[in-house]
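Working notes, beginning with the structure itself.
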Amino acid sequence: MLNYTYTARNPISGEKVKAEVQAQSEQDAFKLLRKQNLVPIDIKLEGSGSTSFLTARFHRVKTKDKVLFSRQLSTLINAGLPIIQSLRSVSLQSSSKQLKVVVNEVINDVEAGQSLSAALAKHPAVFNQVYIAMVASGETSGTLDKALDRLANQQEKDADIISKVRGAMAYPAIIVVVMVAVVSFMLVKVLPQVQILYAGLPGVSLPLITRVLLAISRALIHYWWMVLIVLGVLIVGGTRWARTLGGKRVVDKIKMKAWPVGPLFMKMYMARFSRTASTLVASGVPLIQVLEVTSKAVNNVYVEDSIKRAIEKVKTGKALSEALTNDPNFLELVPNMLRIGEQSGSMEDMLGKTADY
């Protein structure tokens, strides 16, 4: 028998209970707690060194774990299992400690009478607006299993796009690192030798650029610790500034316009918009809500502004393709494909094809 420490909630009093239980496995410990009319929130093997409940709650859940969660939940619901039982099964099968904590809280909220979408919405760090909108639409239309399966497919494709972008940017990043290393070596090792060489030649004056470079070289050699501090301050300050609205606008503009990453990021934004919109339309979400959710999912303030302008035009009766035509923040492929979809009544398919280009 193994010792497990657990955190559970008493559904009658609403109080949390923290104690230990002996069981053969975590699943057996879960069953023992249910027999005691307790709702398990967190179960961990004693002395396993697992993260605490609060730490796990705010820890990032990996995309592959969310994909597996969506896929398994879709399969179980499609097989006819009740939502509570499906969630418990997924929680027990999950290998992610962080996701287990979140799912157990979702189970507790659903048992208290909340809808699945409302329970998931309490964890925005794990389930974004697109996820919540599709689950809510699936609940309303009675196609929750299909909505979850579409979500799993979308998450896999999004992860694949991000992986490709990172791979494409790896080579330029390596080049920059090598250039910085070479320049640093030249300043610290080579230039001082040049100064010694010229010092032995009487009446020879060094060029201005050489003298400036030598000054920089001496600063790096004698005050390297100060250079590191300044770089650290610049990195921390720059990171915080980039999170502000003004900083994000500058960073997003660079992503869209800077060569050679600009075209790559633009394609990523268009694919993200098209795939998210296609998934939401397929789930029966109204067009205005599709655009509102998609504007946040794209994660670029300029594209978001364009989508918001399009929303106002659509409200006045314009077609979405017309609202996005000649928009500087959208590639013309998107409104052209949308126009074909609107005319043929297959907007979902056209958006999906656009995302694959």
- Message: Donor-acceptor pair, distance only, cut-off 3.5 Å: does the side chain of K100 make one with the backbone of S91?
- Response: yes
- T244 side chain to G247 backbone, donor-acceptor under 3.5 Å: yes
- Task: List for me each residue that meets ring pair (Phe, Tyr, Trp, His ring centres under 6.0 Å) alongside Y131, sequence neighbours excluded, and say none if there are none.
- Result: F127
- Using only heavy-atom distances, determine whether the side chains of S321 and E342 contain a donor-acceptor pair under 3.5 Å. yes
- Message: So M256 and Y302, do their side chains get closer than 4.5 Å, heavy atoms only?
- Response: yes
- Query: Counting only N and O atoms by type, is there a donor-acceptor contact under 3.5 Å from the side chain of K66 to the main-chain atoms of V126?
  - Reply: yes
- Ion pair check, K308 and E304, cut-off under 4.0 Å: yes
- Item | Joint cluster assignment, V251 & V303, ILVMFWY side-chain distance < 4.5 Å | no
- Task: Evaluate the side-chain contact (heavy atoms from CB on, under 4.5 Å) criterion for residues T63 and E156: first the C-alpha distance (whole Å), next the side-chain angles of each, then the deciding distance (0.1 Å), finally the verdict.
- Result: CA-CA 8 Å; T63 300; E156 286 179 334; over 6 Å; no
- Message: I'd like to know whether F330 forms a ring pair (Phe, Tyr, Trp, His ring centres under 6.0 Å) with Y269, so could you lay out the CA-CA distance, the side-chain angles of the two residues, the decisive distance to 0.1 Å, and finally the verdict.
- Response: CA-CA 9 Å; F330 267 80; Y269 294 140; 9.9 Å; no
- Quick one: CD on Q114 to CG on D109, what's the gap to the nearest 0.5 Å? 4.5 Å
- Message: If I compare all heavy atoms of L87 with all of V103, which pair ends up nearest, and what's the gap?
- Response: O-CG1, 3.7 Å
- Message: Could you report the tightest heavy-atom contact between L245 and V301, atom names first, then the distance?
- Response: CD1-CG1, 4.4 Å
- Query: What distance separates K157 NZ from T279 OG1, expressed to the nearest 0.5 Å?
  - Reply: 7.5 Å
- Message: So, taking the atom named CD in Q72 and the one named OG1 in T75, what distance separates them when rounded to the nearest 0.5 Å?
- Response: 7.5 Å
- Task: Say whether V227 and L213 are linked into one hydrophobic cluster, either directly or through other cluster members, by side-chain heavy-atom distances under 4.5 angstrom.
- Result: yes
- Task: Could you tell me whether a side-chain N or O of S86 sits under 3.5 Å from a main-chain N or O of P82, the two making a donor and an acceptor?
- Result: yes
- Item | Check: A159 main-chain N/O paired with S163 side-chain donor or acceptor under 3.5 Å | no
- In short, L99 meets S96 closest at the heavy-atom pair N-OG, 3.1 Å
- Between CG on residue L324 and CG on residue L320, distance to nearest 0.5 Å: 4.5 Å
- Message: If hydrophobic clusters are built by linking Ile, Leu, Val, Met, Phe, Trp and Tyr wherever their side-chain heavy atoms come under 4.5 Å apart, do M179 and Y171 end up in the same one?
- Response: yes
- Task: Determine whether F69 and D65 make a side-chain contact, defined as any pair of heavy atoms from C-beta on separated by less than 4.5 Å.
- Result: no
- What are the two closest heavy atoms between T5 and E20, and how far apart are they? CG2-CG, 3.8 Å
- Message: For V135 versus L120, what's the shortest heavy-atom pair and its separation?
- Response: CG2-CD1, 4.0 Å
- Message: Within the 4.5 Å heavy-atom criterion, are L333 and M270 side-chain neighbours or not?
- Response: no
- Task: Check whether any side-chain heavy atom of L338 lies under 4.5 Å from a side-chain heavy atom of M350, and answer yes or no.
- Result: no
- Message: If you compare all heavy atoms of G138 against all heavy atoms of A147, which two are closest, and at what distance to 0.1 Å?
- Response: CA-CB, 4.2 Å
- Going by the side-chain contact (heavy atoms from CB on, under 4.5 Å) test, name the single residue among V290, D349, T276 that passes it with V281. V290
- Query: Does the side chain of T325 come under 3.5 Å of the side chain of R339 through a donor N or O and an acceptor N or O?
  - Reply: yes
- Does L280 belong to the same Ile/Leu/Val/Met/Phe/Trp/Tyr cluster as V67, with side-chain heavy atoms less than 4.5 Å apart forming each link? no
- Distance in Å, K64 NZ paired with S95 OG, rounded so as to fall on 0.5 Å steps: 7.0 Å
- Is there side-chain contact between K353 and M337, with heavy atoms separated by less than 4.5 Å? yes
- Taking it one step at a time, do D145 and S74 satisfy side-chain hydrogen bond (donor to acceptor under 3.5 Å, both in side chains)? CA-CA 4 Å; D145 56 331; S74 171; 5.5 Å; no
- Query: Do M226 and I221 belong to the same hydrophobic cluster, where Ile, Leu, Val, Met, Phe, Trp and Tyr are linked whenever their side-chain heavy atoms lie under 4.5 Å apart, directly or via other members?
  - Reply: no
- Query: Taking the side chain from S278 and the backbone from S274, do they hold a donor-acceptor pair closer than 3.5 Å?
  - Reply: no
- Task: Would you check if the side chain of S295 reaches a backbone N or O of E292 as a donor-acceptor pair within less than 3.5 Å?
- Result: yes
- Do we see a donor-acceptor contact under 3.5 Å between the side chains of R71 and N153? yes
- Looking only at atom types and distance, does a side-chain atom of R272 sit under 3.5 Å from a main-chain N or O of V298, one as donor and one as acceptor? yes
